[in-house]
Amino acid sequence: MKEELKLLIDEIEDFYTNIRDIRIVPNAGPEEIRGQLQKYDFQDAVPVEAIMGDVTDMMRKWTVQVTHPRYFGLFNPTVHISAVMADALASLYNPNCAVWGHSPAACEIEEHISKFMLAQFGFDTEKGIANFTSGGQEANHSAVLTALTRSFPESGDKGLTELGVMPVFYMSDGSHHSFNKVAHFTGIGRNALRIVDIDEDLKIDMSALEKMVDDDRKAGYHPFMVVGTAGTTGTGVIDPLPELVNFCQKEKLWFHVDAAYGGAAVLSDKLKPCLSGIEKADSITCDAHKWLAVPFGAGMFFCSDKSVVEKTFRIGGTNYMPPAVAGTRDFYNTSMQWTRRFSGIKLFMAMAENGREGYAHNIEKNAELTEYLRSELIEKGWRMVNKTPLPVACFTHPLIENEKISTKDILSRIYSEGETWISDLMIKGKTVLRACVTSFKTEKEDVDFLVETLERIITS
Ligand SMILES: *Cc1c(COP(=O)(O)O)cnc(C)c1O
């Protein structure tokens, strides 16, 4: 077994250390990949060495390498090595985080890191509650269920139809589309999600929100929740959280902050002020598997009021689950999942290894490199189209605006060269480029590389 495990250790070390030499963008279609899988017909046993060889070869060749320092992409992180080790330990011991009684160590490790994060967000660690989720979507789903339970306390038993209410909730055009699915999952329906216009800073338009809530109430609907996004997925902008807090308090609406990406900024004293107001939210989504740099899937759901979470996810008795232990909490009746992987160990180990200061350093470095990227591009005639303290730069060029070259042309050149990765997106009807400094391994030379690549393509 030692020989086999050594293959794993060697691969982890080699890939992690030499990632810079690996092509970022794969260039194979499904046929080629399926071709390589043909020999696996699962009739005869294959030695682990051979399987490892095939799998690592495929993963290296045919993956957009999101852990590469020149991946300026979506919020997919480079991961801390301690978190990779943590993930292996979670697999090894395989503790089931459903009940404390079966996994006391795992549950306490999760509570411990959860309480640290609750405090970072300014929530009361006794009244508040947090748990790990598969990702941001599940955390957002938890938020909508919890908000519904507070607004319509009988709905958990009777269902909304019998209560005769028509719940509706609000988010901006820039918010995350997981809420469309969530609206469907919760049974209130996709039409219950009201999309509010964005203003010229790409933030939720407060007067449009006020008017929509007012109109809905007059039409007999039941507004129950507003989502503010702290770091939208496309443009990284932060909705006006203090204004949203005031509005929700006045209107008695649940205020959820989707900080799946931007929430990590609370760890930096420099960046934390941009999230001011988040401490007054009813609930928060923050993904450890984004800017907190641990492997998927590790989302987190935070709520300021533990009693409503307990009410939302309650089960009643079972005759097969181990009994509750006094003074502890069972995750299966305070969160969405039942059997759950020990995902909190990744954040626990990475936070312990780096400390808050280490995280702050990486987060601030990403933000500074993005400032540098912006200034370099502006100097060369590009134009920024978003404003945010977070490391997301959306930009265009006169040649793009005059339709001499399209963002798709630029991207296809970049992807065929395979040395860096950015994306594009539509903002207010115009397609622009988007680069996010997501990796703590990214250095100034990587930003220079991106700027040179863009300049070479745009001037050719
Ligand atoms: C990524 C993201 C989500 C979804 O999170 P998953 O972890 O992909 O489920 C939700 N909201 C925002 C703002 C995001 O950036």
Side-chain angles (χ1 to χ4, degrees), residues 1-79 81 83-85 87-88 90-92 94 134-135 137 177-178 181 233 289-290 294-298 341 343 346 406-425 433-436 438-439 441-442 446 449-450 453 456-457:
M1 187 167 76
K2 210 163 192 164
E3 303 267 286
E4 290 162 358
L5 281 175
K6 198 163 171 301
L7 291 174
L8 176 65
I9 308 277
D10 288 349
E11 174 62 8
I12 292 174
E13 193 195 355
D14 187 67
F15 183 80
Y16 202 81
T17 322
N18 299 317
I19 179 78
R20 277 183 183 282
D21 304 331
I22 295 170
R23 192 187 152 88
I24 300 181
V25 192
N27 54 4
E31 299 308 320
E32 196 179 341
I33 300 169
R34 288 170 197 163
Q36 183 148 343
L37 288 167
Q38 279 314 303
K39 67 180 186 204
Y40 286 93
D41 61 2
F42 310 113
Q43 299 307 305
D44 302 307
V46 179
V48 168
E49 295 77 23
I51 308 168
M52 272 293 283
D54 280 329
V55 172
T56 54
D57 177 55
M58 291 180 72
M59 292 306 292
R60 280 172 174 252
K61 276 195 309 212
W62 297 328
T63 303
V64 174
Q65 300 299 354
V66 300
T67 67
H68 196 293
R70 289 194 302 274
Y71 173 77
F72 296 98
L74 304 168
F75 301 140
N76 305 312
T78 295
V79 291
I81 204 70
V84 175
M85 294 164 69
D87 226 0
S91 298
L92 178 67
N94 205 26
S134 56
Q137 175 175 294
H177 288 73
S178 52
K181 285 203 267 173
T233 317
H289 68 209
K290 282 182 175 163
V294 309
F296 310 130
R341 181 178 177 76
S343 33
K346 294 181 277 200
S406 72
T407 57
K408 294 282 176 249
D409 294 336
I410 296 172
L411 292 184
S412 80
R413 286 275 299 274
I414 291 177
Y415 297 165
S416 73
E417 290 171 15
E419 302 277 328
T420 184
W421 200 96
I422 60 171
S423 56
D424 67 353
L425 80 159
L433 293 170
R434 174 189 183 283
C436 172
T438 36
S439 172
K441 288 186 178 175
T442 304
D446 301 307
F449 183 94
L450 174 62
T453 304
R456 177 165 50 72
I457 293 172

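Numbering starts at 1 and runs along the sequence shown. In this text the structure is predicted, and so the values were computed from the model without any measurement.
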Practice task
Quick one: do Ser91 and Arg341 satisfy side-chain hydrogen bond (donor to acceptor under 3.5 Å, both in side chains)? Show the steps, please.
Solution key: CA-CA 8 Å; Ser91 298; Arg341 181 178 177 76; 3.2 Å; yes

Exercise for the section: Could you please spell out the steps behind the side-chain contact (heavy atoms from CB on, under 4.5 Å) verdict for Asp57 and Gln36? Expected result: CA-CA 10 Å; Asp57 177 55; Gln36 183 148 343; 3.2 Å; yes

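- Residues Thr67 and Pro77 have side chains not in contact (no heavy-atom distance under 4.5 Å, counting atoms from C-beta outward).
- Considering OG1 of Thr56 and CE of Met59, their distance stands at 10.0 Å, rounded to 0.5 Å.
- In the displayed structure, Met58 atom CE is contacted under 6.0 Å by more than 12 heavy atoms of other residues, nucleotides or ligands.
- Between Glu13 and Lys6 there is no salt bridge, since no side-chain N of the basic residue sits under 4.0 Å from a carboxylate O of the acidic one.
- Between Thr420 and Ile414, the shortest heavy-atom contact is O-CG2, 3.4 Å.
- Side-chain contact annotation: Thr78 with Ser439, donor-acceptor N/O pair under 3.5 Å present.
- Judged by the 6.0 Å and 45° rule, Arg70 forms a cation-pi pair with Phe449.
- Side-chain contact check for Lys346 versus Pro295: some heavy-atom pair is nearer than 4.5 Å.
- Put simply, the side chain of Thr407 reaches to within 4.5 Å of the side chain of Leu433, judged on heavy atoms.
- In this structure the side chain of Val64 reaches within 4.5 angstrom of the side chain of Tyr71, judged on heavy atoms.
- Under a 4.0 Å N-O distance rule, the pair Lys39/Asp54 qualifies as a salt bridge.
- Two residues are said to be in side-chain contact when any heavy atoms from C-beta on lie closer than 4.5 Å; Met1 and Val48 fail this criterion.
- Side-chain contact between Lys290 and Asn76 is absent, with no heavy-atom pair separated by less than 4.5 Å.
- Taken from NZ in Lys61 to CD1 in Ile22, the straight-line distance is 13.0 Å, to the nearest 0.5 Å.
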Practice task
Begin from the C-alpha positions of Cys436 and Leu74 and carry the test side-chain contact (heavy atoms from CB on, under 4.5 Å) through to its verdict.
Solution key: CA-CA 7 Å; Cys436 172; Leu74 304 168; over 6 Å; no

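- Arg413 has no carboxylate O lying under 4.0 Å from a charged side-chain N of Asp409, or vice versa, which leaves the two without a salt bridge.
- Between Val55 and Ile51, the closest side-chain pair of non-hydrogen atoms falls below 4.5 Å.
- Ion pairing between Glu419 and Arg23 fails under the 4.0 Å rule for side-chain N and carboxylate O.
- Electrostatic pairing of Lys408 and Asp424 counts as a salt bridge here, judged by a charged N lying under 4.0 Å from a carboxylate O.
- Checked against the 6.0 Å centroid criterion, the rings of Trp421 and Tyr415 qualify as a close aromatic pair.
- For Ala28, the side chain to side chain contact (heavy atoms under 4.5 Å, CB included) partners at least two apart in sequence or on another chain are Glu32, Ile33, Trp62.
- Annotation: cation-pi pair Lys441/Tyr16 present, NZ/CZ under 6.0 Å from the ring centroid and within 45° of its normal.
- Both the sub-6.0 Å distance and the 45° axial angle are satisfied by Arg434 relative to the ring of Phe75.
- In terms of heavy atoms, Ala435 sits closest to Leu450 at CB-CD2, 4.1 Å.
- With hydrogens and angles ignored, the 3.5 Å screen pairs no side-chain donor or acceptor of Glu4 with any backbone N or O of Lys2.
- Atom CD1 of residue Ile24 and atom CD1 of residue Ile19 lie 7.5 Å apart, to the nearest 0.5 angstrom.
- Judged purely by atom type and a 3.5 angstrom limit, His289 uses its side chain to pair as donor or acceptor with the backbone of Ala298.
- Residues Pro69 and Thr442 approach most closely at O-OG1, 2.8 Å, considering heavy atoms.
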Practice task
Start with the C-alpha gap between Ile12 and Ile81, add the side-chain angles, then the distance that decides, and say whether side-chain contact (heavy atoms from CB on, under 4.5 Å) holds.
Solution key: CA-CA 9 Å; Ile12 292 174; Ile81 204 70; 3.6 Å; yes

